[in-house]
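By convention in this document, chain letters (A, B, ...) are assigned in the order of the sequence lines, proteins followed by strands, and residues within each chain are numbered from 1. Treat the numbers as computed from the prediction; the structure is a model and nothing was measured.
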Amino acid sequence: MARIARGDPAALGELYDRHGRTVFGALYRMLGAPEPAEEVAQDTFHAVWRRAGTYRADRGSVRTWLLAIARNAAIDWRRTKGRRTDREAAIDEAAELVEEIRVDDRVIASLRAERVRAAVASLPAEQRIVLSLAFWSGLSQSEIAARTRTPLGTVKSRVRLGMSKLRDQLRPETEGA
Amino acid sequence: MTEHPLDDLAAFALGVLDPEESARVERHLASCASCRAETQAFAETAWVIAETQGRDVPSRVRAAIVERARAEGPGRSSLADFFRRPVPLLVPVALAAVLVLSLAGYGTARRDADRYAAVVAQTVGAKVVPLAATGAVGGIRGSLVIPANGAAPYLILDLPPAPAGKTWEAWVIRGETPLRAGITDERGLTTLTLSASVASGDTVAVTSEPAGGVDAPTGDPVLAGKS
């Protein structure tokens with residue numbers, strides 16, 4: 001990140017090589033099609049290039065910062081450029097938190113994917129659905145509450161409980177990675 | 001310190017809080033290491049979930065990203081450039097208070113300016129750092145207040161209306177890194193609690209930015225001072 005902040009385009013390329021696949025996949029899930037995912041992925045890494053100097057290691061890892069930027073960019077894209085049908089389609093497609101896991105050819109990634117699948121499967125259905133909307137629909141908790149006709153407090157507690165369980169079960173995966 | 005917003009940290013990490021809730025959590029995180037760690041753990045969990053959805057990307061995407069960065073050059077903000085120049089002199093607090101009061105005393109200042117001076121002068125139990133007006137905007141003044149009891153730092157501001165479509169945004173500049181510290185659309189005498197912590201040696205600045213605020217400053221500072 002320091003090299004990116006100093007203006008080294010090769011360092012941006014390396015960051016992309018490490019995380020581009022995940023960022024693109026998440027954007028694809030949020031936007032429901034490859035073209036907008038490509039466009040927003042480019043915008044995301046461009047934002048990283050411009051804002052690298054504002055990255056704060058004490059607020060989290062580079063990859064979570066990157067994902068947060070990508071998610072915000074996807075939400076902006078949907079609000080400004082997405083057609084209504086695209087938005088609805090993306091929300092429908094948010095039905096499963098983890099669908100058709102696409103692992104790359106690294107063995108460690110496929111092992112990890114299996115653990116994630118098992119952790120997600122262990123969640124009660126109502127937590128999985130709310131988390132899936134939170135992850136992939138780009139809706140806020142209050143929007144999810146309105147859309148699913150569920151009290152906001154219930155949505156909040158499902159997000160909190162579901163995420164807490166996933167965090168606890170996946171903790172070895174997230175440490176030091 | 002406010003109560004820990006434990007119930008909202010997972011939602012904050014996912015970015016699904018409503019804006020005002022999100023701002024409240026962000027303010028808390030600025031001064032709470034344990035909630036920051038908790039939020040980071042949730043953010044890492046989100047990353048692991050996202051990773052399972054990874055997809056191969058057409059190679060043109062990488063080429064476009066690197067080429068755009070190369071063509072555009074380093075993404076430095078004008079604010080970072082500004083602070084590579086010498087930082088405005090630190091005016092001792094007592095002297096600053098005298099200056100502010102005497103300026104107000106000339107009678108040409110607006111009523112808010114009188115109140116501004118009074119508010120600054122009445123601040124006790126805190127370190128007060130006057131921010132220098134850079135001349136980019138007239139009729140603006142501000143002071144950084146760092147309460148001795150550990151409460152969040154804030155600015156006392158006397159603001160002209162922000163330019164059309166703009167908002168006033170505060171920054172804490174640590175080294176060369178500007179951290180977002182809050183926005184206000186107020187005019188006249190107001191206070192702005194900073195959402196970023198201020199350490200000794202940090203510079204605090206105010207710029208005008210597109211409405212809603214931005215993640216990295218785009219405008220020249222209108223006020224600046226070193227804590």
What is the minimum heavy-atom distance between Ala41(A) and Val61(B), and which atoms define it?
-> CB-CG1, 4.5 Å
Does any non-hydrogen side-chain atom of Leu14(B) lie less than 4.5 Å from one of Met163(A)?
-> yes
Determine, for Tyr16(A) and Arg62(B), whether the Lys NZ or Arg CZ falls below 6.0 Å from the six-membered ring centre while staying within 45 degrees of the axis.
-> no
Trp47(B) side chain reached by His19(A) side chain, heavy atoms, under 4.5 Å | yes
Glu67(B) versus chain A, the contacting section by heavy-atom distance below 4.5 Å = neither
Where on Arg174(B) is there a heavy atom nearer than 4.5 Å to chain A: the side chain, the backbone, both, or neither?
-> side chain
Side chain, backbone, both or neither: which part of Ile65(B) has a heavy atom under 4.5 Å from chain A?
-> both
What is the minimum heavy-atom distance between Trp136(A) and Ala50(B), and which atoms define it?
-> CH2-CA, 4.2 Å
Using a cut-off of under 4.5 Å on heavy-atom pairs, state which of Ile144(A), Asp17(A), Ile75(A), Asn72(A) scores highest against chain B.
-> Asp17(A)
Is it the side chain or the backbone of Leu9(B) that comes within 4.5 Å of chain A heavy atoms, both, or neither?
-> neither
Turns out that what part of Ala71(B) lies under 4.5 Å from chain A's heavy atoms comes down to neither
Val48(B) vs Arg171(A) side-chain heavy atoms within contact, under 4.5 Å | no
Could you state the interatomic distance from CD (Glu51(B)) to CZ (Arg63(A)), rounded to the nearest 0.5 Å?
-> 6.0 Å
In terms of heavy-atom pairs under 4.5 Å with chain B, the winner among Val159(A), Leu67(A), Leu166(A) is Leu67(A)
Decide, yes or no, whether a salt bridge links Asp56(B) with Arg21(A) under the criterion of side-chain N to carboxylate O below 4.0 Å.
-> yes
Assess whether side-chain contact (heavy atoms from CB on, under 4.5 Å) is satisfied between Arg68(B) and Asp43(A), documenting all intermediate values.
-> CA-CA 10 Å; Arg68(B) 189 173 177 187; Asp43(A) 289 347; 3.8 Å; yes
Which portion of Ala134(A) sits near chain B, non-hydrogen atoms under 4.5 angstrom = both
Based on non-hydrogen pairs under 4.5 Å, which of Thr22(A), Leu12(A), Val23(A) is most in contact with chain B?
-> Thr22(A)
Output the distance between atom CG (Leu131(A)) and atom CD1 (Ile49(B)), rounded to the nearest 0.5 Å.
-> 8.0 Å
With chain B, which of Gly162(A), Pro34(A), Ala26(A), Ser142(A) has the greatest number of heavy-atom pairs at distances under 4.5 Å?
-> Ser142(A)
Mind checking whether Arg60(B) and Glu38(A) have side chains closer than 4.5 Å, heavy atoms only?
-> yes
Is the shortest distance from a Lys or Arg side-chain nitrogen in Lys156(A) or Glu21(B) to a carboxylate oxygen in the other one below 4.0 Å?
-> yes
Between Asp8(A) and Arg70(B), is there a side-chain N and carboxylate O pair less than 4.0 Å apart?
-> no
Please name the pair of heavy atoms, one in Ala69(B) and one in Pro9(A), separated by the smallest distance, quoted to 0.1 Å.
-> CB-CB, 4.4 Å
Name the option with the most non-hydrogen atom pairs under 4.5 Å to chain A; the candidates are Asp7(B), Asp8(B), Leu29(B).
-> Asp7(B)
Are the charged groups of Arg167(A) and Glu44(B) less than 4.0 angstrom apart, N to O?
-> no
dist Gln141(A):CD -> Phe12(B):CZ (nearest 0.5 Å) comes out at 12.5 Å
pair Val16(B)-Leu139(A): side-chain heavy atoms closer than 4.5 Å | no
Residues Asp215(B) and Thr54(A): closest non-hydrogen pair is O-CG2, 3.8 Å
Identify which part of Ser157(A) has an atom lying under 4.5 Å from any heavy atom of chain B, answering side chain, backbone, both or neither.
-> neither
Check: Gln53(B) and Tyr28(A) side chains under 4.5 Å, non-hydrogen atoms = no
